[in-house]
Amino acid sequence: MSPFRSYMDLALAEARAAALRGEVPVGAVVVAPGGQVVAQAGNRTRELNDPTAHAEVLAIRAACAVAGGERLPGHDLYVTLEPCPMCAGAISAARIARLYYGAADPKSGGVAQGPRVFAHPQCHHVPEVYDGIGAAEAAALLTGFFSGRR
């Protein structure tokens with residue numbers, strides 16, 4: 001078994017790029033079973049006028065296009081912020097194997113906070129979940145972004 005390698009640095013780069021576009025700084029990266037990055041994205045809800053254009057959804061859509069199907073078994077998703085309920089639903093539907101996320105989201109999270117989507121009996125697939133990876137930098141990006149707008 002090969003040693004664990006985090007791809008959170010790429011997700012953080014996507015989050016920083018999102019902030020520069022005026023978007024909430026969240027980034028996501030999808031990694032195939034062999035370790036190759038197949039998709040990466042940052043939030044684009046404002047740019048695309050699309051409330052579903054969260055980093056996770058955009059990255060999952062792009063990865064599915066590469067895979068040629070709607071499911072991503074064996075794939076990992078790295079995201080800088082705890083996914084919201086919508087994104088958690090998309091992660092389950094795509095059959096993502098492992099979810100790695102940075103900062104917790106007490107206000108809008110859907111994995112460890114709030115509705116805890118993966119804990120529901122209606123959730124057809126539950127990924128392995130690892131939290132707190134790159135959490136300090138992810139949280140700092142979000143805090144800095146919102147403090148500049150208040």
Side-chain angles (χ1 to χ4, degrees), residues 1-105 107-135 137-139 141-142 145:
M1 186 170 163
S2 61
F4 173 75
R5 182 216 190 279
S6 175
Y7 293 82
M8 191 59 76
D9 55 333
L10 297 175
L12 287 162
E14 287 290 341
R16 287 189 289 274
L20 292 173
R21 294 190 303 270
E23 301 278 357
V24 174
V26 177
V29 174
V30 178
V31 180
Q36 65 274 29
V37 173
V38 292
Q40 50 194 83
N43 276 356
R44 292 186 181 274
T45 59
R46 293 185 175 122
E47 176 186 341
L48 300 176
N49 300 311
D50 179 356
T52 70
H54 289 196
E56 302 95 315
V57 170
L58 295 174
I60 288 169
R61 286 176 183 161
C64 286
V66 169
E70 78 278 12
R71 294 190 177 161
L72 300 167
H75 288 65
D76 296 342
L77 174 67
Y78 289 80
V79 62
T80 58
L81 181 65
E82 176 185 352
C84 73
M86 173 186 72
C87 292
I91 290 163
S92 177
R95 306 302 196 264
I96 296 286
R98 286 163 296 281
L99 166 65
Y100 300 91
Y101 71 85
D105 188 354
K107 182 179 172 223
S108 301
V111 175
Q113 318 281 330
R116 296 185 173 131
V117 171
F118 301 138
H120 285 259
Q122 295 87 355
C123 184
H124 296 298
H125 169 78
V126 178
E128 294 175 31
V129 177
Y130 304 92
D131 63 352
I133 298 171
E137 187 173 351
L141 280 170
L142 289 157
F145 178 81

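Count residues from 1 along the sequence. Keep in mind that this is a model prediction, so the values were computed, not measured.
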Minimum heavy-atom separation for [X] and [Y], please, with both atom names.
X	Y	result
I91	P127	CG2-CG, 4.0 Å
G22	F145	O-CZ, 3.8 Å
A94	I60	CB-CG2, 3.8 Å
M86	V57	CE-CG2, 4.2 Å
Y101	A112	OH-CB, 3.5 Å
L58	A41	CB-CB, 3.7 Å

Looking at [X] and [Y], would you say the former's side chain and the latter's main chain have a donor-acceptor pair under 3.5 Å?
X	Y	answer
H120	V117	no
R95	A93	yes
N43	T45	no

Which pairs with one or both residues in residues 51-64 pass side-chain hydrogen bond (donor to acceptor under 3.5 Å, both in side chains), sequence neighbours excluded?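 Qualifying pairs, neighbours excluded: D50-T52, T52-R61.
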
Determine which pairs satisfy side-chain hydrogen bond (donor to acceptor under 3.5 Å, both in side chains) with at least one residue from residues 108-118, sequence neighbours left out, and list them in order.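 Listed once each, the pairs would be none.
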
Between E23 and R44, does any side-chain N to carboxylate O distance fall below 4.0 Å?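 The answer is no: the pair does not qualify as a salt bridge.
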
Sub-6.0 Å ring centroid separation between Y100 and F4: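 Y100 vs F4: aromatic centres under 6.0 Å.
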
Among residues two or more places apart or on two chains, list those pairs meeting ring pair (Phe, Tyr, Trp, His ring centres under 6.0 Å) that have a residue in residues 5-37.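 Listed once each, the pairs are Y7-Y78.
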
Between R16 and E137, does the salt bridge (charged side-chain N to carboxylate O under 4.0 Å, His left out) criterion hold? Intermediate values first, please. CA-CA 10 Å; R16 287 189 289 274; E137 187 173 351; 2.5 Å; yes

